[in-house]
Amino acid sequence: MEPTSSQDAPSLVKRLAGPSTGKAGLAQDQSDINRVIADASKGSKFYENEKKKDKELTKKIDHILLLRDKLTSEGDMQKIEAGLLKLEAQRDLSQTIVHFDLDSFFASVEVLSDPTLAGKPFAVGHSVISTASYEARKYGVRSGMATFIAKKLCPQLLMVDHGFSNYSEMSDKVMAICERYDPEMRPGGCDEGYLNITAYCAEHNISADACVEHLRSTVYAETKLTVSAGIAPNVMLAKICSDRNKPNGQFQLPFDSEAIVSFMRDLPIRRIPGIGRVSERLLESIGIKTCGDIYTHRATLSLMDKQFGLMHLLRVHLGIASNSVQPPQREERKSIGAERTFAPLGDKQKILQKLEEVCAELESDMEQTQWMGRTVTLKYKLNSFEVFTRAKSCNRWISKKEDLFAFQIGQELLLPELPLTIRLIGLRVTKLKDLRTSDTSTGIKRFFEPAGPSSPHKRRRVSPSHTEESDSDEPEVSSLDDVGAPASVSESKRSKPTSSRKHTKERQPSVECETHTCPVCEKKVSTENDSFNAHLDSCLSREAIRQAQAQASASPKQGNIWERWTKMAPGSSKKSRTSK
DNA sequence: GCGGATCAC
DNA sequence: TATGGTGATCCGC
């Protein structure tokens, strides 16, 4: 007999319902829906992993509560009040920020392609749902939900494949329209973005509300897509407001300190961008459910600053955040990667083949986008859904498949971990170097660049309060010296929970490939091919990982559908602009 | 610098 | 039967 979900902790039932649950305010039958989801998940590997994570979080909360109950001091209330005054003094109501959000974007585009879908419960996606139509949402179907579960909630649910090229085209159209209102607008993915319409409203002598009405009706006229928007003095508030009158509505917050704080008072903490399910639970455990509760519990928060981040929460409570909107800059990018999920594999050769495929994909992306990098991070997910990463830094710039896959990198990171049963493998490259000069010069690859930050672009803007000048300085690795240099590799770390890491060395540990130091027993071990790995294998205790059993695996599953789309998500939606 | 975790889309 | 991919950030070590 299967156990029933009534045995599940409430936190687990909620967790299984997915991350987007708490987002859109839903009806009272949410608990029925959650029950169906929990029952459908029951017994799966996914479920067991969620249960484990839920248990760990519960433990962490117990620890935090213990700490709280041991507090002796009452907290420096005067200091907090002073901090609040200081923050309040920084409040800037001079800029009008808009956040817009296309209503159920993928689904809306699909209706345009196939009008017979209108009014029906359907969802876009394959194994996992990207977007559900509003009719489907009534049944509890939400993005991120496994399709088979959605079908349980709504048996008549229609599934539609992604039409990425359509999404891309429509997204471009919408973004282009928005640029008329703010040439420096910032897309935040394919279906949303931020604008600063202060200048536009002044130049056209219209109110913010009228401006956004105009924008929304223009978008509808030119694309037949509806968009919701929020208007507020900063990006955080604008984003929150864009949800207020969704779909096809807009909401403006009064540009008034008192009104803002009172707006925040009853706002669930989960609505704050950056506060997800885990933070929500942590905060709730000490009695904070709304942003108003932050003020109520400010004394506790001040004493547990480390755990909760007092200043950030005080800003949230006051509704203070950045009011700067700037287009994404190419140099903001910090990593590029590729990963793939497949039917669980235990066979070494088959796993290596997956790794090779991921390498090929990543090489192609890096070539197209013109990046190289110095650090490679391997990611793998066990059949049990547990995720691990292993990283290695090099002294030369990596971008080619052979380099990524080579024994020196991808394989060296992966092989010592085997044997395992894996359902996902991925690689990510960081410490990037831009192969484009960002000017429009020719396509010549600039291998020879001054190490200095000779960024030829300066961003000028009629500026809001704070403008962070982040000047990313390259790691002092001369690309010139590295061209064609033989691979010299730092040691790969394999710190398990237990392994204590010393390495008092400063500087980069650019060790030559003679011997490695075993990170566990600290002995020097020859790196003659497999001997180092063999040593580690016998040296490390890997029960934590080992639990994965071999498993007959058959049907090679096809890859992902999101990829082409999500790759154009935040910064890369062809929006790299340089002002002269 | 590495690895785990959280978050957004 | 069955639960995605890309990228950022923060913390602890």
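Convention: sequence-line order gives letters A, B, ...; per-chain numbering from 1.
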Are any of the side-chain nitrogens in A:Lys53 or A:Glu50 under 4.0 Å away from the carboxylate oxygens of its partner?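 Counted as a salt bridge, because a side-chain N and a carboxylate O are separated by less than 4.0 Å.
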
Flag the pair A:Lys152 and A:Asp39 as a salt bridge only when some basic side-chain nitrogen lies within less than 4.0 angstrom of an acidic carboxylate oxygen.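 Salt bridge between A:Lys152 and A:Asp39, a charged N being under 4.0 Å from a carboxylate O: no.
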
Please enumerate all residues that pass salt bridge (charged side-chain N to carboxylate O under 4.0 Å, His left out) together with A:Arg277, with sequence neighbours excluded.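 With neighbours one apart ignored, the set is empty.
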
Excluding sequence neighbours, so at least two apart, what forms salt bridge (charged side-chain N to carboxylate O under 4.0 Å, His left out) with A:Lys401?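 In terms of salt bridge (charged side-chain N to carboxylate O under 4.0 Å, His left out), with neighbours along the sequence ignored, A:Lys401 is linked to A:Glu356.
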
If you restrict it to nitrogen or oxygen atoms, what contacts under 3.5 Å exist between nucleotides 8-11 of chain C and the protein, and what is each distance?
unit_1 : atom_1 : unit_2   : atom_2 : d
C:dA8  : OP1    : A:Lys334 : N      : 2.8
C:dA8  : OP2    : A:Ser335 : N      : 2.9
C:dA8  : OP2    : A:Ser335 : OG     : 2.8

Remember a base hit wins even if backbone is also touched, and classify A:Glu50 as base, sugar-phosphate or nothing at under 4.0 Å, heavy atoms.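 A:Glu50: no heavy atom of the nucleic acid under 4.0 Å.
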
At 4.0 Å (heavy atoms only), tell me whether A:Ser279 reaches a base, stays on the sugar-phosphate, or touches nothing.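 Sugar-phosphate contact only.
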
Just one of A:Lys42, A:Lys14, A:Arg35 clears the side chain to side chain donor-acceptor pair (under 3.5 Å) bar with A:Asp8, so which one?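 Going through the options one by one, the only one that passes is A:Lys42.
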
B:dG1 phosphate, OP1 or OP2: any side-chain N/O from A:Lys431 under 4.0 angstrom?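 Checking A:Lys431 against B:dG1: at least one side-chain N or O falls below 4.0 Å of OP1 or OP2.
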
Would you say a side-chain N or O of A:Ser127 is under 4.0 Å from OP1 or OP2 of C:dT3?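 No, no such contact exists.
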
Does A:Ser44 get its side chain close enough to the base of C:dT1, under 3.5 Å, for a donor-acceptor pair?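 Result: no qualifying N/O pair found.
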
A:Val128 side chain, from C-beta outward: closest of C:dG5, B:dG3, C:dG4: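 It is C:dG4.
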
